[in-house]
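The block underneath contains the structure these notes are about, expressed in structure tokens.
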Amino acid sequence: LDRLMAGFFTSEPVLDSVKIVLKTLTCLTLTGSYASRTLGNAEQNMLVADAAHLARLTCLTALQRSRPAGPYDAGDDDLKLAVLETLGQNLRQFLLIPSSFAGGNAQKRQGGGGGFP
């Protein structure tokens, strides 16, 4: 994800990727959405957990990209503020859905137990 965003030369695509992943998470968590009507409970739980994790990583990566890259770089305060505003609008999804929302299925799929990669 970091390498993907490193290929963006302006802040607009970074912010667009944040908005896309948050919109995907919102669509998966809405009760009347197409995803909730067509997916089974287990599949929806797995997709919501993965989308929430990806959304958190995308927001953190975007915030990291807004930081100064070196001593002569001022950073991108506009990107930082836009990501934080977007994050604030979708804070409910971040707080309600932990990474282990799928009941540990995400760790089983990755073949690991506890700990960080």
Side-chain angles (χ1 to χ4, degrees):
L1 187 62
D2 187 47
R3 287 185 183 195
L4 172 77
M5 286 193 185
F8 298 146
F9 296 109
T10 60
S11 58
E12 287 86 10
V14 174
L15 185 60
D16 286 343
S17 64
V18 168
K19 289 181 179 180
I20 288 170
V21 76
L22 287 173
K23 182 67 175 172
T24 303
L25 178 61
T26 301
C27 289
L28 283 171
T29 56
L30 286 177
T31 12
S33 69
Y34 180 74
S36 66
R37 290 191 312 266
T38 57
L39 293 172
N41 196 25
E43 292 88 7
Q44 186 179 6
N45 287 345
M46 185 178 67
L47 283 173
V48 167
D50 289 345
H53 187 64
L54 186 61
R56 284 189 289 273
L57 290 176
T58 304
C59 287
L60 289 174
T61 304
L63 287 174
Q64 181 182 8
R65 291 274 156 217
S66 70
R67 292 180 46 208
Y72 301 108
D73 185 16
D76 192 349
D77 288 336
D78 293 335
L79 175 62
K80 183 182 354 178
L81 289 174
V83 170
L84 290 175
E85 285 176 9
T86 306
L87 183 61
Q89 294 169 359
N90 296 284
L91 193 59
R92 184 172 175 257
Q93 282 92 358
F94 283 97
L95 295 177
L96 292 178
I97 305 167
S99 293
S100 60
F101 182 79
N105 290 339
Q107 288 182 351
K108 290 178 188 174
R109 281 196 328 262
Q110 295 172 356
F116 294 103

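Given the structure is predicted, the values throughout are model-derived calculations rather than measurements.
Between atom CG of residue Leu54 and atom CG of residue Leu47 there is a gap of 11.5 Å, rounded to the nearest 0.5 Å. One finds the OG1 atom of Thr31 at 10.5 Å from the CZ atom of Arg37 (value rounded to the nearest 0.5 Å). Summarising the geometry, atom OG belonging to Ser33 is positioned 6.5 Å from atom CD belonging to Gln44; distances are rounded to the nearest 0.5 Å. Taking CG of Leu84 as the reference point, atom CG of Leu79 lies at 9.0 Å (rounded to 0.5 Å). Taking OG1 of Thr29 as the reference point, atom CZ of Arg92 lies at 7.5 Å (rounded to 0.5 Å). The distance from the CG atom of Asp16 to the NZ atom of Lys23 is 14.0 Å, given to the nearest 0.5 Å.
Smallest separation of non-hydrogen atoms from Val18 and Cys59: CG1-SG, 3.9 Å. Shown here for Ala55 and Leu25, the closest heavy-atom pair between the two residues is CB-CD2, 4.1 Å.
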What do the steps show when you test Lys80 against Asp77 for salt bridge (Lys or Arg N to Asp or Glu O under 4.0 Å), and what is the final call?
CA-CA 5 Å; Lys80 183 182 354 178; Asp77 288 336; 3.6 Å; yes
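The closest side-chain heavy-atom distance from Leu22 to Leu87 is not below 4.5 Å. Between Val14 and Ser66, every side-chain heavy-atom pair lies at or beyond the 4.5 Å cut-off. By the 4.5 Å heavy-atom criterion applied to side chains, Thr86 and Lys19 are counted as neighbours.
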